[in-house]
Amino acid sequence: MAIQIPLKDPSVEPYVSDGTFDQRVWSQVARIPHGRLATYGQIADLIGAYGCARQVGWALRRLKLPSSVPWHRVVNAQGRISMSLSREGSDWIQRDLLLAEGIPVDGEGRLPLRQFLWQPDAHAGD
DNA sequence: CACATGACCGTAG
DNA sequence: TCTACGGCCATGT
């Protein structure tokens with residue numbers, strides 16, 4: 001399946017904490033097409049930060065809203081918007097933005113992830 | 001340094 | 001489909 005989150009593989013360099021983590025996350029998120037979705041683990045995977053899905057969440061949290069980065073297209077692997085009081089309502093804003101892009105989201109934040117999951121081209125990212 | 005907390009993930013029951 | 005648990009790792013106290 002497409003949503004496989006590889007566990008930390010010692011044969012691969014995890015990720016470099018050179019201070020560019022946020023930048024890497026944002027640039028990958030910026031690649032998600034309009035009307036498509038990606039998961040936190042998927043983004044972590046794409047930037048070589050295996051097992052750092054939580055850090056992707058932190059990186060998105062650091063965005064100053066409104067932002068040109070389509071942060072709302074990132075949801076959890078369970079196919080739900082990660083609802084949290086600490087988000088100060090940005091979770092509900094996320095729901096509105098997704099609805100505006102044509103993605104059906106129910107009252108509990110559930111959405112058809114399989115159907116809208118973004119599958120990046122292998123050769124596109126270099 | 002110890003400990004608690006997250007926009008997480010997968011498995012088990 | 002739901003809850004519970006363990007593992008994960010950067011941050012904050």
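Proteins come first, then strands; the chains are lettered A, B, ... in the order of their sequence lines, and each starts at number 1.
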When hydrophobic residues are tied together by side-chain contacts of less than 4.5 Å, even through go-betweens, does Val25(A) share a cluster with Leu65(A)?
yes
Contact check, side chains of Asp45(A) and Tyr50(A), non-hydrogen atoms, under 4.5 Å:
yes
Answer whether the closest heavy-atom distance between the side chains of Val29(A) and Val56(A) falls below 4.5 Å.
no
Which residues pass the side chain to side chain donor-acceptor pair (under 3.5 Å) test with Asp22(A), sequence neighbours left out?
Arg62(A)
Looking at side-chain heavy atoms only, is the closest gap between Pro33(A) and Phe116(A) below 4.5 Å?
no
Non-hydrogen side-chain atoms of Ser82(A) and Gln94(A) separated by less than 4.5 Å
no
Between the protein and nucleotides 1-4 of chain C, which nitrogen or oxygen pairs come in under 3.5 angstrom?
| residue | atom | partner | partner atom | Å |
| --- | --- | --- | --- | --- |
| dC2(C) | OP1 | Arg110(A) | NH1 | 2.9 |

Any protein N or O atoms within reach of nucleotides 4-8 of chain B? Criterion: under 3.5 Å, listing atom names and distances.
| residue | atom | partner | partner atom | Å |
| --- | --- | --- | --- | --- |
| dG6(B) | N9 | Arg54(A) | NH2 | 3.2 |
| dG6(B) | N7 | Arg54(A) | NH2 | 3.1 |
| dA7(B) | OP2 | Ser84(A) | OG | 3.1 |
| dA7(B) | OP2 | Ser86(A) | OG | 2.2 |
| dA7(B) | O3' | Ser82(A) | OG | 3.4 |
| dA7(B) | N6 | Leu60(A) | O | 3.4 |
| dA7(B) | N3 | Tyr40(A) | OH | 2.9 |
| dC8(B) | OP1 | Ser82(A) | OG | 2.0 |
| dC8(B) | N3 | Arg54(A) | NH1 | 3.2 |
| dC8(B) | N4 | Arg54(A) | NH1 | 2.9 |

dist Arg36(A):CZ -> Gln115(A):CD (nearest 0.5 Å) comes out at 9.5 Å
